Protein chains: 4
Amino acid sequence: MTEKKTNIPMDPEKVSRIMATSLTEFAHRGYRGAKTEDIAQKAVVSKGIIFRYYKNKAHLYMATLKFATDRIESVADYSVWHDAQDLDAMIVNATKYKIQLQLQYPEEFKLLLDAYAEASDAPSALKHEIAEFYNNQTSANMANMIDPILNRLPIRNNVSRKTIQGLMLGVLDQVGAETKTLMQKKPDADLTDFDDIIENVRGYIDVLEHGFLKKE
Amino acid sequence: MTEKKTNIPMDPEKVSRIMATSLTEFAHRGYRGAKTEDIAQKAVVSKGIIFRYYKNKAHLYMATLKFATDRIESVADYSVWHDAQDLDAMIVNATKYKIQLQLQYPEEFKLLLDAYAEASDAPSALKHEIAEFYNNQTSANMANMIDPILNRLPIRNNVSRKTIQGLMLGVLDQVGAETKTLMQKKPDADLTDFDDIIENVRGYIDVLEHGFLKKE
Amino acid sequence: MTEKKTNIPMDPEKVSRIMATSLTEFAHRGYRGAKTEDIAQKAVVSKGIIFRYYKNKAHLYMATLKFATDRIESVADYSVWHDAQDLDAMIVNATKYKIQLQLQYPEEFKLLLDAYAEASDAPSALKHEIAEFYNNQTSANMANMIDPILNRLPIRNNVSRKTIQGLMLGVLDQVGAETKTLMQKKPDADLTDFDDIIENVRGYIDVLEHGFLKKE
Amino acid sequence: MTEKKTNIPMDPEKVSRIMATSLTEFAHRGYRGAKTEDIAQKAVVSKGIIFRYYKNKAHLYMATLKFATDRIESVADYSVWHDAQDLDAMIVNATKYKIQLQLQYPEEFKLLLDAYAEASDAPSALKHEIAEFYNNQTSANMANMIDPILNRLPIRNNVSRKTIQGLMLGVLDQVGAETKTLMQKKPDADLTDFDDIIENVRGYIDVLEHGFLKKE
DNA sequence: CATGAATGAGCTTTCATTCAT
DNA sequence: AATGAATGAAAGCTCATTCAT
């Protein structure tokens with residue numbers, strides 16, 4: 001299992017061009033649709049160097065996946081969650097943040113979303129990476145984010161934490177869907193175009209709060 | 001744009017075998033991963049006939065997409081929505097129904113979900129089909145489904161129909177996610193395995209109703 | 001170990017052209033020096049068909065090896081050995097025969113001689129074939145050939161069968177070397193050009209007979 | 001034809017490492033199977049220097065061939081032939097010597113034996129070297145070796161020098177074959193393992209002497 | 001001079017598509 | 001009309017050779 005670390009020295013500029021190009025190509029064409037020749041050409045490197053650096057196409061794909069998760073991770077600012085004082089503020093921040101991420105890293109999102117399907121046969125090392133990406137948008141993760149806020153709020157009897165977490169995820173899913181739809185209609189949208197979505201979110205939260213908070 | 005309708009006579013049995021096989025192959029391997037040779041072999045038809053019937057692989061893929069949407073549409077029983085007397089009954093029915101659909105037609109779902117990504121470069125004629133599939137799980141469609149019920153309910157002021165629709169979609173998205181997760185853990189699950197999910201849904205609806213109904 | 005017999009139907013004419021070309025190319029350029037593209041072109045078949053018929057280059061090579069051994073085997077006429085009444089006749093016949101074989105199947109000989117070196121890493125199934133080819137020019141085989149004749153002759157005491165067999169093999173080796181040398185000097189030689197060699201052989205046998213027969 | 005002798009200064013230590021490694025690699029993998037990368041790595045020199053010293057792979061191969069012949073030539077001790085007082089002593093010495101050479105320089109032998117096949121398309125300058133190696137085991141060479149001894153012996157009428165030379169070569173060929181077989185069965189054999197072969201040789205010579213010497 | 005990273009021509013192999021039977 | 005053997009463009013990958021450092 002211990003891969004021979006052949007320790008090929010890599011030119012960081014080339015690596016970065018290759019990764020950026022691979023990201024785009026894999027995201028838009030899928031694993032099989034992306035051609036190494038094209039990637040090399042668009043990255044302004046030789047075909048040979050790709051195989052020198054990454055051994056083969058599968059490894060290049062995995063490296064690209066890792067690159068995408070790292071990029072998203074590197075900008076993931078969880079303070080938007082923790083610092084919020086109330087639910088409305090938190091969700092609005094989170095929504096803005098999620099939209100911003102999806103706007104800023106659309107290819108990373110596409111790549112990772114597809115990866116789940118593509119990587120069905122492929123290496124287990126990567127599956128961990130991909131699963132991690134998915135888990136960040138999952139119940140367990142959500143719990144950590146909103147529990148501190150829920151602790152400060154008077155929850156109505158008969159409403160479990162899990163239910164609230166589920167609803168929150170549902171709201172975020174819905175935000176994701178609405179964002180995706182808007183981006184398709186208006187591919188070069190910026191943050192201000194998403195004000196309507198944020199307004200929708202406010203409505204969702206208002207209903208939810210009425211739903212699970214104790215009526216004084 | 002006007003496709004030459006050469007009107008090739010097709011043996012319905014072969015068509016049906018080809019479609020069933022294509023569905024499976026495309027769903028599991030993706031557009032480029034599926035091989036025409038394999039499809040022909042597994043469908044017990046000659047490779048030639050596939051090209052005679054469908055002109056080329058892209059058209060076969062599109063036909064398969066259409067086949068998948070048709071199959072799902074053909075069993076879509078909207079009475080589960082219309083006949084429900086209250087929100088709880090409606091959503092529980094809808095949830096059961098959606099789970100059942102996902103269980104019964106996992107390949108169709110997989111194919112159509114991936115199609116969104118795969119078909120990025122491909123023909124516009126198909127995009128319509130795919131978009132339709134997605135729209136069925138979208139605000140406009142949801143409106144038709146739940147409006148009759150909402151009409152009978154006393155909605156709290158300041159809560160718009162659109163908000164409720166969005167929340168409902170969010171709940172259904174969340175159900176979809178929970179179903180997917182469960183199916184991955186337990187690939188051969190049956191309906192009874194999904195009781196927990198349905199219980200979750202009851203919790204969601206309880207909160208939502210408290211959230212948007214007038215307190216008497 | 002049981003290879004899936006995919007049972008590809010093969011056009012005998014194409015097979016025969018491919019084999020003939022492969023034989024020439026592999027014999028003259030070695031395994032790595034021979035190019036599938038060239039083989040296809042010279043055999044007037046498509047590159048694809050070679051891979052259809054033989055799966056890959058390694059299998060093509062093995063098939064060619066088998067083809068070469070079969071061809072030589074198919075014309076191997078052991079009666080030249082058995083029918084001879086005396087040693088001189090036998091060796092002269094055998095020499096003529098060996099020369100003829102080497103003249104008629106120079107590429108087969110070259111291929112098989114090199115195969116021993118080339119096939120060092122390769123499949124065990126083939127090793128058997130190649131080993132067989134080599135064994136035909138070996139002590140064990142020689143024993144069967146000349147023992148019937150030796151039985152009729154008065155062997156001098158102190159001379160073992162094994163010694164005589166070894167000497168016979170030495171003579172045949174020497175004939176092979178002389179033939180090879182002559183063929184290099186005169187690539188388009190025919191049988192009559194080899195009369196000198198046969199004359200040499202007569203000299204060898206005369207000495208040997210004087211050496212191991214009882215003096216009456 | 002006049003090669004530009006650019007007279008590149010060469011580090012003798014590097015040359016020696018390159019030659020030793022090339023010998024091994026070319027002998028074991030053949031011309032095309034040997035990789036310049038591997039040779040450089042195993043010789044602990046840069047790939048660049050190989051091309052600086054030898055221009056290209058073909059020249060490196062030729063240099064290696066020359067290196068191998070020189071090594072064998074440099075230890076070739078013809079006194080084993082000249083000093084022998086009788087035929088038996090001479091052949092036994094020669095046999096021991098040949099075995100020792102084959103044992104001590106197996107890679108040189110393998111390289112040169114294969115070279116004959118490999119170098120079919122290649123440069124004529126080398127052909128001379130290779131031919132020389134082969135000629136050393138040839139009639140002309142043999143003549144020089146054994147004529148002094150034959151001069152002292154009473155040869156039977158009707159037996160030509162050439163015949164005896166041929167038979168001697170045959171015996172040596174046979175020794176070579178027996179040695180090869182034994183080395184394959186027992187790769188780490190030493191000289192004592194070859195006693196049987198030497199015993200066989202004694203038998204061969206006994207027969208030959210009886211065959212070509214005058215009966216007093 | 002020496003190095004070894006980079007190049008890209010050239011090789012093996014795959015597979016959608018054609019077309020003789 | 002149906003078949004599936006044949007095709008060859010296109011893809012992944014290798015490695016002798018070059019050349020900036």
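None of the values given here were measured: they were computed from a predicted structure.
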- Have a look at A:Ala34 and say if it touches a base, only the backbone sugar-phosphate, or nothing, with a 4.0 Å heavy-atom cut-off. sugar-phosphate
Quick one: side chains of residues 43-55 of chain D, donor-acceptor pairs under 3.5 Å with protein atoms, not counting sequence neighbours, listed by atom name and distance.
from	atom 1	to	atom 2	distance (Å)
D:Ser46	OG	D:Ile49	N	3.2
D:Lys47	NZ	D:Glu37	OE1	3.3
D:Tyr53	OH	D:Asp11	N	2.9

- Atom pair OH (D:Tyr105) and CG (D:Leu23), whose distance is rounded to the nearest 0.5 Å: 11.0 Å
- Message: With a 4.0 Å cutoff (strictly under), does any side-chain N or O of D:Thr36 reach OP1 or OP2 of F:dA16?
- Response: yes
- Message: Which is more 5' along DNA chain E, the nucleotide nearest A:Ser46 or the one nearest D:Tyr53? Just name the residue.
- Response: D:Tyr53
- Task: Rounded to the nearest angstrom, tell me the gap between atom CD1 in C:Ile50 and atom C1' in E:dT14.
- Result: 15 Å
- Rounded to whole Å, CD of A:Glu13 lies from C1' of E:dA5 at a distance of 15 Å
- Query: Whole-Å distance between F:dT17 P and D:Lys35 NZ?
  - Reply: 12 Å
- Note on the structure: Out of E:dA2, E:dT12, E:dA16, minimum distance to the side chain of B:Phe51 belongs to E:dA16
- Quick one: does A:Asp114's side chain get under 4.5 Å of A:Lys110's, heavy atoms only? yes
- Message: Measure CD/A:Gln41 against P/F:dA11 and give the value in whole Å, please.
- Response: 12 Å
- Could you state the atom-to-atom distance from CD1 of A:Ile49 to C1' of F:dT14 in whole Å? 15 Å
- Message: Under 4.0 Å from OP1 or OP2 of E:dC1: is there any side-chain N or O of D:Arg52 that close?
- Response: no
- Under 3.5 Å, is there a donor-acceptor pair between the side chain of C:Lys57 and the main chain of C:Tyr31? yes
- Please report the shortest heavy-atom distance between B:His28 and B:Glu107, naming the atom on each side. CE1-OE2, 3.0 Å
- Reckon B:Lys14 touches a base, only the sugar-phosphate, or nothing at all at heavy-atom distances under 4.0 Å? sugar-phosphate
- Task: Check whether any side-chain nitrogen or oxygen of A:Lys47 sits under 4.0 Å from OP1 or OP2 of E:dG8, and answer yes or no.
- Result: no
- Message: Rounded to whole Å, please give me the gap between CG in D:Asn56 and P in E:dA9.
- Response: 19 Å
- Query: Between atom CD in B:Glu37 and atom P in F:dT3, what is the gap in whole Å?
  - Reply: 14 Å
- Message: Both C:Lys55 and B:Lys55 contact DNA chain E. Taking the nearest nucleotide for each, which residue is further toward the 5' end?
- Response: C:Lys55
- Please state how far atom CG in D:Asn7 lies from atom C1' in E:dC1, giving the value in whole angstrom units. 16 Å
- Query: Between F:dA2, E:dA16, F:dT17, which one does the side chain of D:Lys57 approach most closely?
  - Reply: F:dT17
- Whom does F:dT17 pair with, Watson-Crick or G-U wobble, provided both distances fall under 3.5 Å? E:dA6
